[in-house]
Amino acid sequence: MAGSPAGTTALLCHLNKLIAIYSPTITYQRHGWCVIRRICTSVSRCRSQAQTKRKSAPQELVGVVGLEIHAQIHSNTKLFSGSQVGFQAPPNSLVSFFDASLPGTLPVLNRRCVEAAVMTGLALNCTINRKSLFDRKHYFYADLPAGYQITQQRLPIAVDGTLTYSHLGGRKRNTVVTKSVRIKQIQLEQDSGKSLHDDYRSQTLIDLNRAGVGLMELVMEPDMSCGEEAAAAVREMQLILQALGTCQGNMADYEIQRQMVVLESGGTVQNETRSFDGKTGHTIPMRDKEGLQDYRFMPEPNLPPLMVYEACSTAPPGVAPSQLVVLEEVRERLPELPSVRRQRLVETYGILPEHSFTLVNEDGLMDYFEAVVRETKAGPRKVIGWVMNELQGLLHQQNLSVSQSPISPQALAQILNLQENGQISSSIAKQVFQELWKTPGKTAQQIVKEHDLGMVNDSTEIHRICQKVVDSHPDQVQAIRGGNKKVLNKLMGLVQKETKGRADPVLVRAILEQKTS
Amino acid sequence: MLSLSIREVSLALREGRISPTELCRKCLNRIKKTHYLNAYITVTEELALKQAQEAESRLLKGAPKGPLDGIPFAVKDNFCTENIKTTCASKMLKDYTPPYSATVVQKLLDQGAVLMGKTNLDEFAMGAGSTDSAFGPVRNPWSYATPYREQTGTEMDSDWVITGGSSGGSAAAVASLTSYLSLGSDTGGSTRNPGALCGVVALKPTYGLVSRHGLIPLVNSMDVPGIITRSVHDAATVLDILQGHDVKDSTTITHNPSTLTNLFDDFDVRNICVGIPKEYHAPGLSQETLAQWSRVADMFERAGARVEQVSLPHTQHSIVCYHVLCHTEVASNMARFDGLEYGHRSGVDSSTETMYSTTRHEGFNDVVRGRILSGNYFLLRQNYEHYFVKAQQVRRLIAEDFKRVFNSGVDVLLTPTTMSDAMRYTDFMQEDNRTRSAQEDIFTQPVNMAGLPAVSVPTALSNRGLPIGLQLIGPTLQDRKVLMVAQWIEQKVGFPPIRYHGDTGEGEMGEEVHEREQTSVV
């Protein structure tokens with residue numbers, strides 16, 4: 001709390017709570033797909049900070065969360081140079097003269113990066129500016145070789161979009177709650193290099209491999225009211241970007257050091273940029289760079305205005321087609337977005353909306369589900385039950401991702417097929433699933449055989465067991481005969497207990513009905 | 001031989017009257033003889049001889065690459081040259097060797113032209129005298145030529161005059177006959193100004209016509225590589241080679257520019273309208289320069305051209321706005337010189353910030369530091385609207401002034417290039433760089449604000465025996481037209497070739513200069 005003016009403590013306590021809720025999303029970051037640079041929070045209806053925490057206070061503090069997301073554009077080469085984008089390359093091996101800011105070099109805009117931003121803008125219902133501009137943002141930092149970053153401060157490529165996102169709410173957390181957040185703008189900008197501080201020798205090493213890689217900065221309006229909403233919105237954004245392929249999902253861990261979650265308490269209270277300390281769970285004022293520095297923005301003189309055309313035919317003559325960014329063409333390439341995908345899952349498979357939500361939101365789960373459906377006779381609604389309960393249950397319990405599941409979709413399909421074919425009962429199927437999880441090398445059939453879990457098909461044997469149960473429970477038989485058919489279920493349970501669940505329930509029922517009639 | 005134009009010497013090379021290595025040696029000798037001019041920062045003797053040798057074998061086979069094969073040239077030391085030091089006349093880059101060549105340099109090398117060396121300039125091209133270089137000032141070759149010596153009667157090593165700037169070394173190299181062409185850079189007049197004061201042709205092409213890739217920038221939105229030659233025809237020849245789209249410079253025009261060879265065949269002076277902007281009749285304009293301006297205007301009129309007085313009403317505001325824009329871009333462009341990746345690095349390294357500031361303090365001269373300071377001031381959030389935005393708005397008005405005049409039927413504008421002939425160094429240094437830049441760029445920088453083509457042509461010697469030049473300005477991308485008119489002037493004025501008083505050191509000089517083609521009539 002160092003440096004925070006008196007009187008804001010209550011506010012910050014409240015904000016800390018938000019951050020605490022929010023922190024689960026930070027774990028997304030550990031997979032490094034993008035960076036959340038800043039959470040803007042502002043407080044409305046804040047009359048008297050000291051009193052607001054009292055229950056009797058007429059007006060409660062309302063937290064507001066906005067986000068700026070820096071997503072690294074998935075492209076082969078950097079935003080303004082021809083050097084490759086790569087994450088495991090030796091330090092300073094992917095650095096062009098321009099990336100190192102050698103004097104006399106000039107930026108040349110990468111059309112692929114522009115298309116990625118345009119596509120993202122379209123997916124987020126943005127207005128694509130037909131003309132956008134680049135600006136220089138100045139600050140001295142060792143991993144920013146030119147002394148400025150080229151960004152889009154005045155007129156970004158896309159503005160005024162919306163992101164519709166959902167999260168599971170309700171008491172049982174199984175109701176899909178849908179909300180939306182306004183996207184203020186999407187701007188193209190350069191990434192910086194990486195500073196490696198060697199405290200022992202008190203020196204800093206610079207790796208410029210990342211310098212100049214294209215970023216999309218996605219700025220959301222502060223339309224979210226809590227960390228949970230923010231987390232859901234970020235997840236939806238991630239899914240959209242992955243679906244578009246404009247941002248890769250599997251970048252390296254080096255992003256972690258850059259992950260700062262910054263609080264900006266706004267309104268009339270104060271204007272200060274703060275960072276979140278994940279270890280202590282507190283916010284601390286950030287370095288001057290963010291808070292006080294004047295970036296001395298100016299137009300980038302070496303790049304003409306970035307033009308985007310509706311169609312090839314609307315472009316001026318003389319521009320090479322390979323240089324054109326055409327909305328019509330980008331729109332055609334838009335893939336299925338997560339929301340459409342969920343709708344399709346509900347319609348195609350007849351599953352519940354909350355199930356479609358989980359399928360799409362968990363990495364790889366939808367593919368897993370669809371692979372099982374393809375390979376089994378069992379209906380999709382039966383499959384979804386297995387995926388949601390058995391599979392997800394064990395995955396969560398052991399903190400595994402779908403791709404780490406010891407049971408492949410094919411193996412699960414086999415289990416379901418054994419059940420469908422009447423070779424095992426549903427309770428045995430679950431038992432096989434558990435066994436298979438422990439010994440993933442085996443097949444379902446092997447487990448059924450080894451543990452003797454197959455259906456008892458010998459009808460004389462079933463007859464014998466049924467007779468034994470009927471004989472030893474005369475009172476129940478009497479009740480059934482007296483018209484209380486429900487008691488039959490109890491006898492069925494006893495038979496299944498005897499057979500360890502391996503008898504065909506339909507057959508057992510028929511035999512018991514006959515013997516108690 | 002050394003005083004010939006490119007066209008003439010190229011013919012001599014083809015006809016075998018001289019070989020490229022002989023020519024190269026002559027130029028190298030002349031560089032040594034004129035060492036006192038301080039025109040070159042680096043002389044690339046070995047490389048030049050090697051290139052000349054290669055040109056020679058091509059010429060012997062009868063397969064020259066083009067009109068520049070074997071022709072010695074010089075390059076202002078703010079254009080990057082692969083494996084050759086590129087200093088910007090600054091301590092900051094005094095040991096900097098770029099790993100690549102500027103597009104314009106590469107194009108000349110690809111044509112077989114022979115690089116003699118890198119020429120002196122004001123540090124980072126900030127100046128109008130070529131007096132503010134970390135390697136010392138450049139001296140105007142005309143200080144040592146017969147007319148000036150006869151007028152002043154002073155000793156060789158005193159009373160010398162400046163070359164103008166910032167491309168003073170490049171202008172001096174061509175004027176002193178050590179190179180047949182040179183590259184300058186022109187941001188506010190830096191090519192035309194020394195061109196006028198050194199009595200050579202200096203072309204500033206339309207912004208975007210010639211690639212800036214590899215030109216260490218002063219003001220990206222105004223910088224243009226400039227061409228310095230001894231004749232307009234030569235300038236056209238060089239522009240023909242340098243112009244065109246460059247994928248490495250996104251501000252170059254994408255369509256194919258018109259070819260400039262044989263462009264003078266269809267020129268009829270009676271079809272053109274010459275505008276005389278009244279605002280260029282500025283206080284401080286010397287009587288002699290004014291007289292030259294009138295003389296040439298009269299020549300046009302007598303020859304049947306239409307000569308009209310026109311108005312460019314925002315001209316007086318141009319220089320102030322030019323400086324605001326110049327300083328802001330300088331502040332930005334100089335930010336990269338922090339001692340980390342290349343260039344000078346201070347030994348004081350108690351912290352990164354200390355290292356930055358001492359590096360920059362040690363590496364830049366007062367002029368550069370001053371511009372960085374004021375540029376950053378103009379860009380501060382609270383000042384941006386008042387200075388940068390206002391200057392941009394005025395810049396547009398200036399561009400519109402020109403557009404309106406050209407749309408009214410004017411083909412070219414005729415103006416002085418500088419206020420007067422070259423000042424003595426001792427006089428020039430009485431004022432600081434900022435004052436001098438404001439005075440010296442007064443007629444040239446509006447052209448850069450508007451991105452137009454312009455050329456300075458020498459017209460006569462002053463009473464002091466120093467060159468006076470006039471400037472022609474054309475509409476955007478009408479470089480060809482500007483050159484056509486310039487050549488007409490060149491042919492009419494009979495500007496004298498440089499002559500050295502008692503230049504016995506180079507015995508041939510006396511005869512050679514007379515050998516030079518006097519304005520061949522088309």
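Hydrogens, waters and symmetry mates are skipped; everything else that's a heavy atom, side chains included, is used. The shown structure was predicted, so the numbers you read here are calculated from the model rather than taken from an experiment.
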ask   = With only heavy atoms counted, which part of T254(B) is less than 4.5 Å from chain A, the side chain, the backbone, both or neither?
value = side chain
query = Does anything in residues 349-357 of chain B get under 4.5 Å of chain A by heavy atoms, and if so which residues?
reply = Y356(B)
ask   = Do you know which of P301(A), G82(A), G147(A), A100(A) has the most heavy-atom pairs under 4.5 Å to chain B?
value = P301(A)
query = Among side-chain atoms of T151(A) and Q190(A), is any donor-acceptor pair under 3.5 angstrom?
reply = no
request  = Would you mind checking which part of H213(B) comes under 4.5 Å of any heavy atom in chain A, side chain (CB onward), backbone (N, CA, C, O), both or neither?
outcome  = both
query = chain A heavy atoms under 4.5 Å from L215(B): which part of the residue, side chain, backbone, both or neither?
reply = backbone
inquiry  = Within residues 94-105 of chain B, which residues come under 4.5 Å of chain A, heavy atom to heavy atom?
reply    = Y96(B), P99(B), Y100(B)
request  = With a 4.5 Å cut-off on heavy-atom pairs, point out which of P304(A), G104(A), S81(A) contacts chain B the most.
outcome  = G104(A)
task = For Y387(B), check side-chain hydrogen bond (donor to acceptor under 3.5 Å, both in side chains) against everything at least two apart and list the hits.
result = none
task = Sort V247(B) into side chain, backbone, both or neither according to what part of it lies under 4.5 angstrom from a heavy atom of chain A.
result = backbone
request  = Please check if atom NZ in K107(B) has more than 12 non-hydrogen atoms from other residues, nucleotides or ligands closer than 6.0 Å.
outcome  = yes
Chain A contact via F337(B) - side chain, backbone, both or neither, heavy atoms under 4.5 Å = side chain
query = Does anything in residues 324-338 of chain B pair up under salt bridge (charged side-chain N to carboxylate O under 4.0 Å, His left out), and if so which pairs, sequence neighbours excluded?
reply = none
